[in-house]
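Structure first, commentary second.
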Amino acid sequence: MAGPGVTETRTALVKKPRRAPLPVKEFKGKAEPDWCPGCGDFGVLNALKSAVAELGLRPHEVLTISGIGCSSNLPGYINTYGMHTLHGRALAVASGAQLGNHGLKVVVTGGDGDGFGIGGNHFVHAMRRNLDLTYIVMDNQIYGLTTGQVSPTSRKGMKTKSTPHGSVENPVNAIPLAIVCGATYVARGFSGQQKHLIELIKGAIEHKGFAFVDVFSPCVTYNKENTHEFFKQRTKKLEEMGHDPADFHAAIEKGGLWGDVIPIGLFYRNAEAPALDELEPVLAEGGPLAHRPLDVSDENARAVIAELM
Amino acid sequence: MAGPGVTETRTALVKKPRRAPLPVKEFKGKAEPDWCPGCGDFGVLNALKSAVAELGLRPHEVLTISGIGCSSNLPGYINTYGMHTLHGRALAVASGAQLGNHGLKVVVTGGDGDGFGIGGNHFVHAMRRNLDLTYIVMDNQIYGLTTGQVSPTSRKGMKTKSTPHGSVENPVNAIPLAIVCGATYVARGFSGQQKHLIELIKGAIEHKGFAFVDVFSPCVTYNKENTHEFFKQRTKKLEEMGHDPADFHAAIEKGGLWGDVIPIGLFYRNAEAPALDELEPVLAEGGPLAHRPLDVSDENARAVIAELM
Amino acid sequence: MAQTDFSVGIGGAAGQGVATPGTLLAKLFVRRGLHINAYNAYQSIIRGGHTFLTIRTGEAPVRCMGDELEMLIPLNQDTMDRHVRRMRPGSAVLFDGGKVKPEGAADGVQLCPLPLAQLAKSPLHYNTAAVAAVLRLVGVECRPFEEMLAEQFERKGDAVVAENVAVARAGYEYAGAHFRPYPFALPDTGKPLAVATGNECLAMGGVAAGVKFYCAYPMSPSTGVLMWMARHARQLGIMVRQVEDEIAVINMAIGAAHTGCRAMCATSGGGFALMTEALGAAAMMEIPVVCINVQRAGPATGVPTKTEQGDLWQVLGAGQGDYPRLIAAPISIADCFHTIPQIFNLADRFQCPGIVLADLLESEGFSSLDPAELDFNPPRDRGELIGLDGSPVPSGEGYERYRQTESGVAPRALPGTPGHAHVVATDEHDERGVLISDEFTDPHKRQAIMERRQRKMDGALPLIDPPRVAGAADAEVTLVGWGSTWGVIAEAVEKLEREGIRANHLQVKWMVPLHVEAIQQALAKARKIVIVENNYSGQFARYLRSETGLVADAHIRKYDGEPFLPHHVVEGVRKVLAGKTKKYVPVHEIRV
Amino acid sequence: MAQTDFSVGIGGAAGQGVATPGTLLAKLFVRRGLHINAYNAYQSIIRGGHTFLTIRTGEAPVRCMGDELEMLIPLNQDTMDRHVRRMRPGSAVLFDGGKVKPEGAADGVQLCPLPLAQLAKSPLHYNTAAVAAVLRLVGVECRPFEEMLAEQFERKGDAVVAENVAVARAGYEYAGAHFRPYPFALPDTGKPLAVATGNECLAMGGVAAGVKFYCAYPMSPSTGVLMWMARHARQLGIMVRQVEDEIAVINMAIGAAHTGCRAMCATSGGGFALMTEALGAAAMMEIPVVCINVQRAGPATGVPTKTEQGDLWQVLGAGQGDYPRLIAAPISIADCFHTIPQIFNLADRFQCPGIVLADLLESEGFSSLDPAELDFNPPRDRGELIGLDGSPVPSGEGYERYRQTESGVAPRALPGTPGHAHVVATDEHDERGVLISDEFTDPHKRQAIMERRQRKMDGALPLIDPPRVAGAADAEVTLVGWGSTWGVIAEAVEKLEREGIRANHLQVKWMVPLHVEAIQQALAKARKIVIVENNYSGQFARYLRSETGLVADAHIRKYDGEPFLPHHVVEGVRKVLAGKTKKYVPVHEIRV
Ligand SMILES: Cc1ncc(C[n+]2csc(CCOP(=O)(O)OP(=O)(O)O)c2C)c(N)n1
Ligand SMILES: Cc1ncc(C[n+]2csc(CCOP(=O)(O)OP(=O)(O)O)c2C)c(N)n1
Ligand code: SF4
Ligand code: SF4
Ligand SMILES: [Mg+2]
Ligand SMILES: [Mg+2]
């Protein structure tokens, strides 16, 4: 298969020699980010660019897909193929794209509203299918682009433009949710911790299966509670807490912590579970679907017609 | 408040004297069920009718809301107020109805496809809000009404009309999902265990907050794997397994079991968490919204206009 | 000799297996090279109710189920009671003599009670005996049926085959001994045909188009497409997925299409409603994707197992804002097959979504097809693509995905192609794909981009056959229909002719782009225009008026869930010509 | 004396706070009893880009932002460069002399550099100084502004108030000393007015209608409704919820409406697309619910902060099948307020969904309002309801929710009412609410039910004011518009009059039901019909043709994201009358 994407079996993938890193500047996108100065999303963009560069991926091998939101503007700021889809639909589009050409590295980026609010159903189902996607959520606990309404990750009591007296709802707890839904790589980063975040994202991209990286990415304009400072004071690396990412129940427990200590790092990993494209016999040979010839063999045409007679 | 629904505070609710049970036949609906003979849904219907009758609820006090599916035909077969809404939307409609008149007992019924497939996002969010709803899913691991396609709860490998070679996806695991999402009463029943199911449903209705009852309700026509016999052999009551419904992690663990033993019973309960209507100050006094007068007081009108001047 | 025109109706409760004898007869007919058209009036209900399958056959192509039955097979008393009064002299009623009582049959209707319990040991074989008896009455030998049974039960072993064949023979012989055969015999044209439902044709049309990605969420009456695709996925190398909801369906299809697959999905009106936002997104990102809406009776959940042409305005208004989209309504079951490659070629060429508007009449009905017409490798036009496997890749220097071109179309580089990385966006964007909404809004740019996108439809129009009037140029009345009603209107025209009313017929398949001028010309000389459509509000009549200004003289409409029968149209035309009405709504004879 | 007509434009990058001086000036004007109309041409971007706010004021009602500026306040160089050339002699440009350089101003344009860094210690106070300077130039005393500052900063203590007042005085005095005031002074009519955005009017209209349940998912440009509602929820006893997505929004609203609440929601086109299925469901269950679609430029995500009238066909085709729905497009910001109670009354009476089609021009614009016209207790018609608190409850014996009635409407018993338990269903159902789809399908019943539901719209039409032609009966040209363009067309008509072109004007607000006959009559004598609309494809022109057969002589359209200005319409009419075009698309002067 000479196509731009190549089918790789799990073994081939694991054995694949490390590629030489690319300069990060190769990934500079066509547009300058229009985020507010200080927005956490800059850190996520930089970490993602560094991660793909360090992994030696070339721009055309990566497809970055987002929904709509401040954070979802990311594909415009990175030099890879990109899709800036509808609000909440990035994971659905990405599922189709990954299966359409499973030789691509598909990275999905977006916001907490996009992913856990309107996009919640795709989130739940993409995870149980263990699609080979990297999903990075820039979680700022607010709706940024629409200028500051409550989000599914806003903490109870938080005052926003749509909850001026404080939210009365419990937030979605994305980490435990991802774990019970079947994601096979579940991590949390903080945009203020670049190196750590780059490693988490690299791990996610290299992971074969659904890799979820929830990133605290403060909205400096509309979220005055969960600020850079807030996270700086509270985040603590799981690696320093003696956490074992193979321990399902501990991962759920750690994922539920929110207080003076908020863990970041790799909560859970299951490297054994096959990804959907590995389980789908149609992909077993023949390369990416997108590049297969459209012709129907005479044999198949005859067989189909024979059924009708 | 003389309205048909009455605001009840948590205390009042708890203190409320038990009502005399009604005869079950009071709840016989206008139409005869058109389910296939042997369908598990008969058992769920009977259990629900018994539960409301035993609790002494009167038909007009209950609002039964469903989506679309074989199971979702239920509201037509029970003499309460009913809404037979769109496929997947029962919980959303019910959320509005419960807040519109929080004096009603709102019971939501439907199928696995309806609730965990297309309705998944409402499921996740209704639970985190801890809306005061009873949600009964007739889980037959198949799409019955559309004549037998794969469902989000179909087990991996299951052959259905849309997966003739066997499903390659992991099923949704509804019990752990409900627990991490914030449901405060999480149970599983089997339509073949009537008494047990009646008690679970009674508990759910009496519970203030989101009560989820997943019921194994075999589709005798399209699911030849998960039959009455299948569940009869495997289901085991949690009450007999020494399970403590207050234990969050044990509940998740037990909820994940699927093998020779499949637990049924009450997995998890949190009786302390306030329900959304209790947290919403607008409902604190004045009775159900639906019955409040529409007039705007002069004072309020003046205040609103004053802001504009 | 007059052409054969034979219809049989089989009715019973849901769960009684009306479909089985229907399918057997259909196969037997097409194997003799006879054409057929069949419609199953069924219900959501799993057991009970009333379903009624009509199969009509003859040497000439059969365009609709027709008005009359030559044979009735009531599987229960209810069916007998509903239908027997409609049987004409010369027709026959075949039934289980031990279970069903005939009452109210007209003189000259042959009553044929079969002692099924005697002829077959198990009720499982009743259908076999009944089908054999039908064959005897229509003068067809039993052997082909025996061969069919042998094929069908081969895997179950010789004993089962023998048992079935024995029952068939018993039924055949009993009928020969006790009933009067029809005065004609069904011929064998010597040129066997195929038979398929509209859903199967839509699925196979996808195969012919080269679809590599199909996803769906089940919804009657479109689920047949999913099930056919799922059954053939591995054999044909198609990725077939059932996913969480219709929003996921269309968005996944868009994702797959963007990588270069031909991607398709099918649903019905309710699912389509959920897809409308994403169709606009496909148009904005300029990704070709094909979505089939198999209409059923609405609104809302409506009557899931009943037919209607009620979604035209929904597809015309799908999603916010103006955007280019292709909309085609296949005019027959066979056309369901051909429409799919056609619309994919246009969608690929003009990089926009294509919507196919079929309906339950087509999707759940079945029809004979000439196997020679099932071309699985029709012409395929992928449009301007860069990076499709094997095609040479330019350097990418200065590549602009959304270049301003005269045609409105610019080459589409597939993800994975070196040197062409770009972003496709649902926000308004400039030539390079850079957002103008967030970055910097410029009304002049926006205007030019809107015009470029819309311009694409100008190029599509000449590639589509303009609709033509069939029949006499000097007709008294011109019947205008769209989509699935082609067959029933065509037959009504012939019936009118026989009654001395000269009618002609214009059937419109392509809704967007619409051949406005061709239609205006075609209808310019029409003396009386009557629009026939299967919905309440005259969705097509209103659309036609909005685009062409043509005002029909009268309307024939139906919105009771059942399809038109030819005599409904004939009666409507008669009433209209007599000046009795400008809007005729036939009352359906209860068949269901 | 000529009436005052004064416009000021304030431009800068997003994040520079264009809105603040705008809001201050608006309040100062309305407190003098002056009318205003304002439009903010903004962008999605949080920082940067270019936003431009126009406020126009005068003694007479101001219907649109107008064509010309008397004053320009560029907050950055970019704004200066874009706009200064458009300033006419006699106008003034006020700017931060330390930061912005004027270049290219025409002779006779007064340049007014303010030394802001001198006048105010902190950039936070620059706006205060600038506003004060404006007041000086338009001959208005400083005191009301000082009072306003005192109100605003009261909570922050006397020192802050004093500081602000000092800056205001400094700006005021500097302007008096260095710049030439306009030759007129803004009067005080002595009758203070209110000011509100269209979004606020929609929200307050909901309050006036008696809305008890409001839910939404944020979407520009409708989010203002949610934010107003959220701020006032507790005070006014309204349940306000932001929920997971728009599908949940509409379904929750339906649930609340079914219990008896007046329930409302608002979104824009993309969110509306997701609601279409449920609107059909509301119609099928016959639950009154009101959904506002505040249109923005599409398709897809489109240009979220730009205006368009691009969703008419979307709302007309929302959801599968034919069903009764009400659709109204408010014709001004004030009309946003009045439309909500009107549509609720009809929705309640006819038990069907009501759709309000506003747009960004209205929703984000702001306008003066006569407080006396803000009636928060307008007539309310709840229709036929059983069990609403306090109303007597009949026994319920023989109650049929969907009884066949002449009007098509049957009384609606609220859940909780003893003796009236019934099921409302999205499947087709009989009088009692029992499904006919699953249970037993009967085409005759189905037909009668469809006719009953649709019949309801016949009753609604007479309750709606028919649109009337404004202006000269013998006009050369009749301008036809719909929804938000009322103001700009009305002004264009006056401008044309001044140029010697007699035009008149028909503005249509109610799309469904449409006053077909009234419109046909109103336009029967029109000599030349020109339809003006803010979209690409002429959605209204096509709809009007579909329903009335009226074919316009020419069209004026705009689809660049910016609203029409009066001179666009005037120029279009001129071109049309000169026979130069049948479709005029103005080129927007870059203001944004
Ligand atoms: C269907 C639809 N509904 C609503 C919107 C409006 N909208 C755009 S972005 C957004 C939420 C943004 O929040 P989040 O996803 O958390 O991203 P952030 O801006 O915070 O990075 C919303 C509601 C939309 N574009 N489409
Ligand atoms: C939007 C939409 N999509 C699809 C359907 C078709 N549909 C009806 S019921 C159903 C699934 C039924 O499965 P489940 O919810 O498990 O209920 P069951 O019939 O098994 O009780 C589907 C897909 C629909 N009515 N609406
Ligand atoms: S509004 Fe918030 S999330 Fe958006 S760019 Fe600004 S800081 Fe970032
Ligand atoms: S198809 Fe299955 S779920 Fe539906 S009624 Fe029959 S047995 Fe029950
Ligand atoms: Mg966010
Ligand atoms: Mg099911």
Side-chain angles (χ1 to χ4, degrees), chain B residues 31-39 41 66-73 76 83-89 111-124 142-154 158-169 172 219-222, chain C residues 13-16 19 42-50 199 203 214-235 238-249 266-271 273-275 294 296 298-305 364:
Chain B
E32 283 303 320
D34 68 350
W35 292 313
C36 306
C39 177
D41 296 350
S66 71
I68 296 292
C70 291
S71 42
S72 289
N73 284 355
M83 302 182 78
H84 191 164
T85 74
L86 292 171
H87 186 45
R89 310 307 165 196
D112 39 317
D114 191 74
F116 313 142
I118 190 167
N121 209 26
H122 311 307
F123 183 51
V124 167
I142 197 88
Y143 281 25
L145 190 60
T146 48
T147 73
Q149 297 80 24
V150 72
S151 132
T153 55
S154 298
M158 181 162 162
K159 290 185 175 149
T160 71
K161 284 197 195 160
S162 55
T163 57
H165 311 286
S167 167
V168 296
E169 300 181 2
V172 157
C219 170
V220 296
T221 306
Y222 297 112
Chain C
Q16 274 198 298
Y42 70 114
Q43 290 172 246
S44 272
I45 192 169
I46 308 280
R47 311 245 167 221
H50 179 55
N199 273 335
Y214 181 84
C215 65
Y217 188 78
M219 185 160 192
S220 309
S222 70
T223 314
V225 184
L226 170 63
M227 299 195 302
W228 193 97
M229 283 290 194
R231 271 201 315 278
H232 295 84
R234 300 201 182 170
Q235 174 190 353
I238 301 173
M239 169 75 73
V240 177
R241 304 228 68 81
Q242 178 183 322
V243 298
E244 60 270 28
D245 60 23
E246 287 90 350
I247 302 180
V249 166
T267 182
S268 186
L274 296 170
M275 296 184 175
V294 183
R296 69 190 206 189
T301 310
V303 200
T305 53
E364 304 269 13

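Within every chain, numbering begins at 1; the chains are lettered A, B, ... in the order of the sequence lines, protein sequences first and strands thereafter. Predicted, not measured: the structure shown is a model, and the values here were computed from it.
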Rounded to the nearest 0.5 angstrom, the NZ-OG1 distance for K161(B) and T223(C) is 9.5 Å
Locate the shortest heavy-atom distance separating P164(B) from A230(C); write the atom from each residue and the value.
CG-O, 3.4 Å
With only heavy atoms counted, which part of L274(C) is less than 4.5 Å from chain B, the side chain, the backbone, both or neither?
side chain
Residue H87(B) versus chain C: region with a heavy atom under 4.5 Å:
side chain
Among all residues two or more places apart in sequence or in another chain, which pass the salt bridge (Lys or Arg N to Asp or Glu O under 4.0 Å) test with R89(B)?
none
Among T85(B), T146(B), T163(B), T160(B), which residue has the highest count of heavy-atom pairs closer than 4.5 Å to chain C?
T146(B)
Mind checking what makes side-chain contact (heavy atoms from CB on, under 4.5 Å) contact with A203(C), not counting sequence neighbours?
V225(C), W228(C), M229(C)
Of R241(C), Q242(C), R231(C), which is the lone residue that meets side chain to side chain contact (heavy atoms under 4.5 Å, CB included) with S162(B)?
Q242(C)
Measure V168(B) against the heavy atoms of chain C and call it side chain, backbone, both or neither at under 4.5 Å.
side chain
When P218(C), A300(C), A216(C) are compared by non-hydrogen pairs under 4.5 Å with chain B, the top option:
P218(C)
In Å, rounded to the nearest 0.5 Å, how long is the span from CD1 of I118(B) to CE of M219(C)?
8.0 Å
